[in-house]
Amino acid sequence: MNERKHMTARTRIKICGLTRPEDIQAVNEAKPDFCGFIVEFPKSRRNVTVDQLRKLREKLDENILPAGVFVNAPVELPAQLLNEGTIALAQLHGQEDEEYITRLKGMTDQLLIKAFSIKTEEDVEQALRSGADYILLDQGAGGTGETFDWNLVPSIKRPWFLAGGLGCDNLESAIHLLHPWAVDLSSSVETDGHKDPDKILKAVQAVRNIEEEI
Ligand SMILES: O=C(O)c1ccccc1NCC(=O)[C@H](O)[C@H](O)COP(=O)(O)O
């Protein structure tokens with residue numbers, strides 16, 4: 001009998017924009033693969049200072065990898081937080097260029113994610129050329145809760161994060177259509193501007209229940 005073997009992969013999930021001890025408790029219960037903190041960027045309502053980040057991180061489950069999200073920060077800031085172990089990954093969400101990435105890579109062995117705002121095919125091509133370990137395709141400046149035009153996404157052969165307006169209502173179609181290595185959520189798991197433990201749990205469980213054929 002000619003039996004077709006199906007291989008499946010598990011899509012990773014990151015919950016971004018944590019600010020409070022109760023948010024840490026919520027992710028410790030839901031167990032996403034990654035969580036994210038917006039670091040020293042006061043323009044964001046999700047901003048945390050370095051001191052707040054260090055305190056929050058102390059209570060984080062060791063199986064959840066913390067990412068610091070930076071917007072055009074002095075390169076020394078992500079380097080220090082990576083090297084002291086406060087964060088496991090730095091997510092660069094501003095206009096950091098290849099020179100910045102090369103400099104940061106020279107200062108740390110830890111992993112880098114470069115976020116790109118996707119409006120055109122050229123934006124995707126630029127992302128694919130990035131020297132970062134992971135690329136993250138997003139709608140706009142970050143944390144907007146809006147999707148971008150998924151028709152712009154080609155088949156991507158490197159590990160990448162899909163972000164922008166993802167939630168329980170579109171996670172399954174996004175994963176089956178685009179096959180991201182990881183999905184990244186913030187706005188859809190909030191209520192009244194704060195992270196909502198039930199919504200976080202539902203989103204993580206939704207992703208865990210989606211079997212991705214490879
Ligand atoms: O969340 C912010 O306020 C923010 C500010 C500046 C840079 C990045 C920011 N957020 C990043 C993320 O939350 C995620 O990587 C992603 O954009 C998901 O956002 P959402 O569309 O809200 O799910």
How about [atom1] on [X], more than 12 heavy atoms from neighbouring residues, nucleotides or ligands closer than 6.0 Å, or not?
X: Asp169; atom1: CG; result: yes
X: Glu125; atom1: CD; result: yes
X: Glu76; atom1: CD; result: yes

Nearest heavy-atom neighbours spanning [X] and [Y]:
X: Cys16; Y: Asp184; value: CB-OD1, 3.5 Å
X: Ile101; Y: Ala132; value: CG2-N, 4.1 Å
X: Ala203; Y: Leu171; value: O-CD1, 4.0 Å
X: Thr11; Y: Asp33; value: O-OD2, 4.4 Å
X: Pro180; Y: Ala174; value: CD-O, 3.9 Å
X: Ala163; Y: Leu136; value: CB-CD2, 3.7 Å

Shared hydrophobic cluster for [X] and [Y] (ILVMFWY, side-chain gaps under 4.5 Å):
X: Phe161; Y: Ile200; answer: no
X: Val39; Y: Leu18; answer: yes
X: Leu178; Y: Phe148; answer: yes
X: Ile135; Y: Val153; answer: yes
X: Leu137; Y: Ile13; answer: yes

Q | Trp181 ring center within less than 6.0 Å of Tyr134 ring center | A | yes
Is there a donor-acceptor contact under 3.5 Å linking the side chains of [X] and [Y]?
X: Asp138; Y: Ser117; answer: no
X: Thr49; Y: Arg54; answer: no
X: Ser188; Y: Lys199; answer: no
X: Ser173; Y: Asn170; answer: no
X: Thr19; Y: Lys195; answer: no

Give the table of side-chain donor-acceptor pairs shorter than 3.5 Å for residues 62-74, with sequence neighbours excluded, one pair per line with atom names and distance.
residue : atom : partner : partner atom : Å
Asn63   : ND2  : Asp61   : OD1          : 3.4
Asn72   : OD1  : Gln95   : N            : 2.6
Asn72   : ND2  : Gln95   : OE1          : 3.0

Looking at [Y], is its backbone amide N or carbonyl O close enough to the side chain of [X] to form a donor-acceptor pair, meaning the two atoms are under 3.5 Å apart?
X: Asp23; Y: Arg20; value: yes
X: Asn47; Y: Ser44; value: no
X: Arg129; Y: Val124; value: no
X: His179; Y: His176; value: yes
X: Lys31; Y: Asn28; value: yes

Can [X] and [Y] be counted as an ion pair, charged N to O under 4.0 angstrom?
X: Lys59; Y: Glu22; answer: no
X: Asp149; Y: Lys119; answer: no
X: Arg103; Y: Glu98; answer: no
X: Lys114; Y: Glu96; answer: yes

Q: Go through Ile15 and Ser186 one step at a time and tell me if the side-chain contact (heavy atoms from CB on, under 4.5 Å) criterion holds.
A: CA-CA 6 Å; Ile15 302 293; Ser186 182; over 6 Å; no
Rounded to the nearest 0.5 Å, how far does [atom2] of [Y] lie from [atom1] of [X]?
X: Gln80; Y: Ile87; atom1: CD; atom2: CD1; value: 10.0 Å
X: Thr147; Y: Leu166; atom1: OG1; atom2: CG; value: 8.0 Å
X: Gln205; Y: Ile210; atom1: CD; atom2: CD1; value: 12.0 Å

Q.
Applying side-chain contact (heavy atoms from CB on, under 4.5 Å) to Leu53 and Glu40, what does each step give before you reach the verdict?
A. CA-CA 10 Å; Leu53 169 63; Glu40 299 289 356; over 6 Å; no
Q: Please name all residues satisfying side-chain hydrogen bond (donor to acceptor under 3.5 Å, both in side chains) with Thr86, sequence neighbours left out, ordered by chain then number.
A: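 Expected list: Glu84.
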Q: Report the C-alpha separation of Asp133 and Arg158 in whole Å, then their side-chain angles, then the decisive distance to 0.1 Å, and conclude whether the salt bridge (Lys or Arg N to Asp or Glu O under 4.0 Å) test is met.
A: CA-CA 9 Å; Asp133 301 284; Arg158 55 183 292 179; over 6 Å; no
Q: Please lay out, stage by stage, how Val75 and Tyr100 fare under the test side-chain contact (heavy atoms from CB on, under 4.5 Å).
A: CA-CA 7 Å; Val75 71; Tyr100 183 105; 4.1 Å; yes
Q. Would Val48 and Phe37 satisfy side-chain contact (heavy atoms from CB on, under 4.5 Å), going step by step from the backbone distance to the final call?
A. CA-CA 7 Å; Val48 293; Phe37 303 88; 4.0 Å; yes
